[in-house]
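The figures here come from the full heavy-atom set of this structure, side chains too, leaving out hydrogens, waters and symmetry mates. Residues take their numbers from the sequence shown, with the count starting at 1.
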Amino acid sequence: MEQTSAKKTFVTTKQLTLIGVMTAVICILAPFTIPLPFSPVPLSLATLVIYISVFVLGMKFSTVSLLIYLLLGAVGLPVFSGFSGGLGKFAGPTGGYLIGYIFVAIITGYFVDHFPGRLSFAAVGMVLGSLICYLFGTVWLAAQMELSFFAALSVGVLPYLPGDIIKIIVACILGPKLKNAVHRMGN
């Protein structure tokens, strides 16, 4: 009789370390924002870090890293925009964008994982993930500020599109390089 052993998946020390490092990077960079006078949504580097973490960690572990970041902010650590934190941030005008970050990680990660080395597919994943994030953010912003969907879109999305294009380009340049550098390090 042939014996089969159940394959157990463990997270390696290297993977745990990388999750911790990418969580730290988003915790450090996301609070530094540029407020815009016409919008409650500031300019942030959070999505850039998410895009890059997907290259470094893949879909599953970048999502774990992002969830840790969101939990750290939820318990009150000042890791959200403007060095804020707490559950109230999720209930405020930008709460939908915070939840939308989860979809950025998952959708971008799917494209990066399933089409390795294909930067055009990675960029498509970043665009689709960002669109879902913007949908959540816009609906939530409209509800919180009693705006129409299109008014919320004009203050919560449209001014950020040029910056997002730049972030996607930067992520497509830096992401693969960081991924290669990390994978060259000891396994």
Side-chain angles (χ1 to χ4, degrees), residues 14-15 17-36 38-70 72-73 78-84 94 96-138 153 155-185:
K14 179 180 176 181
Q15 290 166 327
T17 302
L18 289 172
I19 290 168
V21 166
M22 291 312 298
T23 302
V25 170
I26 196 168
C27 286
I28 291 167
L29 293 180
F32 292 99
T33 57
I34 299 171
L36 299 178
F38 55 85
S39 176
V41 183
L43 290 172
S44 166
L45 293 176
T47 51
L48 175 62
V49 177
I50 296 167
Y51 297 152
I52 290 173
S53 74
V54 168
F55 281 101
V56 174
L57 298 171
M59 180 180 73
K60 182 168 75 172
F61 293 136
S62 65
T63 304
V64 168
S65 173
L66 177 67
L67 290 172
I68 293 169
Y69 160 73
L70 293 174
L72 290 170
V79 297
F80 295 147
S81 62
F83 295 92
S84 60
T94 59
Y97 299 103
L98 291 171
I99 298 303
Y101 287 164
I102 298 167
F103 295 97
V104 173
I106 292 170
I107 294 168
T108 302
Y110 177 86
F111 278 82
V112 169
D113 287 355
H114 286 83
F115 303 100
R118 308 271 311 265
L119 290 180
S120 59
F121 282 91
V124 167
M126 290 178 216
V127 168
L128 291 176
S130 295
L131 288 174
I132 299 299
C133 180
Y134 276 142
L135 178 63
F136 272 83
T138 302
L153 194 67
V155 297
V157 175
L158 297 180
Y160 305 91
L161 295 178
D164 284 346
I165 292 168
I166 293 168
K167 290 176 196 176
I168 289 170
I169 292 168
V170 168
C172 284
I173 293 168
L174 290 180
K177 290 179 181 183
L178 288 171
K179 178 182 180 175
N180 290 335
V182 165
H183 289 295
R184 281 194 306 266
M185 293 175 6

Heavy-atom closest pair, residues Lys14 and His183:
NZ-CA, 3.9 Å
Could you measure the distance from the OG1 atom of Thr108 to the CD1 atom of Ile168? Nearest 0.5 Å is fine.
8.0 Å
Any non-hydrogen side-chain atom of Tyr51 less than 4.5 Å from a side-chain atom of Val170?
no
Going through the checks in order, is the side chain to side chain contact (heavy atoms under 4.5 Å, CB included) test met by Ile52 and Leu178?
CA-CA 8 Å; Ile52 290 173; Leu178 288 171; 3.5 Å; yes
After noting the C-alpha distance and the side-chain angles of Ile26 and Ile50, does the key distance pass the side chain to side chain contact (heavy atoms under 4.5 Å, CB included) rule?
CA-CA 8 Å; Ile26 196 168; Ile50 296 167; 3.8 Å; yes
Testing the basics here: between Pro159 and Pro162, what is the closest heavy-atom pair and its distance to 0.1 Å?
O-CD, 3.7 Å
Could you give the distance from CG (Leu70) to OH (Tyr101), rounded to the nearest 0.5 Å?
9.0 Å
Distance (rounded to the nearest 0.5 Å) between Leu66 CG and Ile102 CD1
6.0 Å
Answer yes if the ring centres of Tyr160 and Tyr134 are under 6.0 angstrom apart, and no otherwise.
no
On a heavy-atom basis, which atom in Ala30 and which in Ala46 lie closest, and how many Å separate them?
CB-CB, 4.1 Å
Distance in Å, Leu153 CG paired with Thr138 OG1, rounded so as to fall on 0.5 Å steps:
5.0 Å
Quick one: closest heavy-atom pair of Ala105 and Thr63, and the distance?
CB-OG1, 3.7 Å
Has Ser62 got a side-chain atom pairing as donor or acceptor with Leu57's backbone, closer than 3.5 angstrom?
no
So, for Ser81 and Thr33, which heavy atoms are closest and what is the spacing to 0.1 Å?
CB-CG2, 3.5 Å
Check whether the side chains of Ser44 and Tyr97 place a donor and an acceptor atom closer than 3.5 Å, and report yes or no.
no
Can you list everything that forms a side-chain contact (heavy atoms from CB on, under 4.5 Å) with Ile68? Sequence neighbours excluded, please.
Ile19, Thr23, Val64, Leu72
Do you know which two heavy atoms are closest between Cys172 and Pro176, and how far apart they sit?
O-CD, 3.2 Å
With a cut-off of 3.5 Å and sequence neighbours excluded, list every side-chain donor-acceptor pair involving residues 114-126.
{"from": "His114", "atom 1": "ND1", "to": "Tyr110", "atom 2": "O", "distance (Å)": "2.9"}

To the closest 0.5 Å, what do you measure between OG1 (Thr94) and CD1 (Ile99)?
10.5 Å
Are Phe111 and Leu128 close enough that some pair of their side-chain heavy atoms sits under 4.5 Å apart?
yes
Measure from the ring center of Phe136 to the ring center of Phe103 and say whether it is less than 6.0 Å.
yes
Measure from the side-chain N and O atoms of Asp113 to the backbone N and O of Met59, and report whether any donor-acceptor pair falls under 3.5 Å.
yes
Quick one: which residue pairs count as a salt bridge (Lys or Arg N to Asp or Glu O under 4.0 Å) with a foot in residues 159-171, not counting sequence neighbours?
Asp164-Lys167
CZ/Phe80 to SG/Cys27 distance, rounded to the nearest 0.5 angstrom?
8.5 Å
